[in-house]
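Note sheet for the following structure.
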Number of protein chains: 2
Amino acid sequence: MSNTESGTLSAAFNRGKVMSRDCPSRAILKHVTSQWGVLVLVALMEDTHRFSALRRKIGGVSEKMLAQTLQQLEQDGFVHRVSYPVVPPHVEYSLTPLGKDIGRRVADLADWIELNLPTIIKARQSLA
Amino acid sequence: MSNTESGTLSAAFNRGKVMSRDCPSRAILKHVTSQWGVLVLVALMEDTHRFSALRRKIGGVSEKMLAQTLQQLEQDGFVHRVSYPVVPPHVEYSLTPLGKDIGRRVADLADWIELNLPTIIKARQSLA
DNA sequence: GTAAGTACACACAAAAAGGTAAGTTTAATG
DNA sequence: CATTAAACTTACCTTTTTGTGTGTACTTAC
């Protein structure tokens with residue numbers, strides 16, 4: 001039996017087969033749900049930040065990872081980067097409308113986990 | 001089973017500072033937002049699945065990764081595992097209420113990405 | 001009798017992610 | 001004059017993650 005996927009005639013333009021190995025969504029998903037990607041989005045949901053401010057805010061990020069993460073999110077159109085060519089470099093990062101849209105969902109997820117952390121921890125212990 | 005949430009009294013007050021290096025939320029976040037964790041949650045939002053059904057549905061997962069992911073999600077209290085001790089092993093995986101709650105958010109995220117994929121791809125190209 | 005299907009575990013290897021330290025540029029500070 | 005600070009980049013190395021292949025116990029199908 002074949003898969004019980006959408007089954008519509010518009011197979012050539014399938015609107016989302018995350019389940020298939022080569023769906024482009026997977027790449028975006030990886031950027032957004034990456035360890036540092038999540039935290040960058042959460043941080044930028046609050047406010048615009050400079051590179052070093054983000055670094056201080058997100059405990060544990062290395063400069064390398066923060067830079068890499070920001071570049072990915074910028075390429076995907078979620079993060080807006082503004083560079084002021086001044087003497088000590090000054091760069092500001094903020095979310096694009098698209099970034100705010102997805103950032104809301106990511107932050108929602110993170111918030112939910114924080115809120116339900118006690119419950120989750122209890123669930124874990126009862127299975128230990 | 002004496003348990004203070006995070007252990008020490010000083011840490012007992014922070015009810016989830018994802019931004020701090022040692023916040024327990026980070027571990028849960030990693031399980032949930034892991035490459036396969038996301039897809040397992042999305043799949044199980046639709047219906048209960050057997051191990052091999054999940055494997056077939058989620059393109060690209062290896063048995064090892066699927067097993068590992070399911071165990072993590074089970075430990076966190078998101079996935080319910082029912083094993084029927086029959087001749088060819090039969091195990092069913094489903095979401096707990098907690099799992100459905102978080103699964104909804106994860107699926108929402110995945111859906112959003114699928115829906116906005118064209119926009120994202122355009123954004124990417126305009127920066128290339 | 002042999003192959004296939006089921007739900008894994010285990011060992012080994014390859015790949016990817018991540019960390020560390022150093023370098024860059026130029027102005028202000030001490 | 002040396003240091004600091006910004007926002008990175010690059011090289012190098014360690015850690016983590018992921019894949020591959022094998023085995024198990026048993027039954028049904030061919």
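So that the names make sense, note that chain A is the first sequence line, chain B the second, and so on, each numbered from 1. Note that the structure is predicted; figures quoted are calculated from it, not measured.
The pair A:Glu92-A:Arg81 does not meet the salt-bridge criterion, since no charged nitrogen lies less than 4.0 angstrom from a carboxylate oxygen.
Side-chain atoms of A:Arg55 come within 3.5 Å of backbone N or O of A:Val61 as a donor-acceptor pair.
In this structure, A:Lys57 places its NZ atom where more than 12 heavy-atom neighbours from other residues, nucleotides or ligands lie under 6.0 Å away.
Counting to the nearest Å, the P atom of D:dA6 and the CZ atom of A:Arg81 are 16 Å from each other. Atom pair B:Leu70:CG and C:dC8:P shows a separation of 8 Å (rounding to whole Å applied). Atom CD of B:Gln68 is separated from atom P of D:dT20 by 15 Å (rounded to the nearest Å). In this structure, the CZ atom of B:Arg26 is 17 Å from the C1' atom of D:dT16, given to the nearest Å. We find that CD of A:Glu74 is positioned 9 Å from P of D:dC8, with the value rounded to whole Å. In this structure, the CZ atom of A:Phe51 is 15 Å from the P atom of D:dA5, given to the nearest Å. Look at NE2 on B:His90: it is 11 Å from P on C:dC8, rounded to the nearest Å. In this structure, the CE atom of B:Met65 is 15 Å from the P atom of C:dC8, given to the nearest Å.
Between C:dA9, D:dT20, C:dA7, one nucleotide has an atom nearer to the side chain of B:Arg50 than all others, and that is C:dA7. The side chain of B:Ser62 lies closest to D:dG19, out of D:dA7, D:dG19, C:dA7. Candidate nucleotides C:dA9, C:dG5, D:dT9 were compared by shortest atom distance to the side chain of B:Pro88, and C:dG5 ranks first. When each of D:dA6, D:dC8, C:dA17 is scored by its nearest atom to the side-chain atoms of A:Lys30, the top-ranked nucleotide is C:dA17.
In terms of phosphate contacts, B:Arg56 brings no side-chain nitrogen or oxygen within less than 4.0 Å of OP1 or OP2 of C:dA7. Phosphate contact (OP1/OP2 of C:dA7, side-chain N/O of B:Lys64, threshold under 4.0 Å): absent.
The two atoms that bring B:Asp76 and A:Ala123 nearest to each other are O-CB, 4.1 Å, heavy atoms only. The two residues B:Tyr93 and B:Leu44 come nearest to each other via the heavy atoms O-CD2, 3.4 Å.
To the nearest 0.5 Å, atom CD1 of residue B:Ile28 and atom CD of residue B:Gln75 are 10.0 Å apart.
Looking at heavy-atom distances under 4.0 Å, B:Arg55 makes no contact with the nucleic acid at all. Residue contacts for B:Gln71: at a heavy-atom cut-off of 4.0 Å it reaches the sugar-phosphate backbone alone, with no base atom in range. Looking at heavy-atom distances under 4.0 Å, B:Tyr84 makes no contact with the nucleic acid at all.
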Trace of the side-chain contact (heavy atoms from CB on, under 4.5 Å) decision for A:Arg105 with B:Trp112: CA-CA 9 Å; A:Arg105 288 148 212 270; B:Trp112 185 93; 3.3 Å; yes
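Taken residue by residue, residues 35-49 of chain A places no heavy atom nearer than 4.0 Å to DNA chain D.
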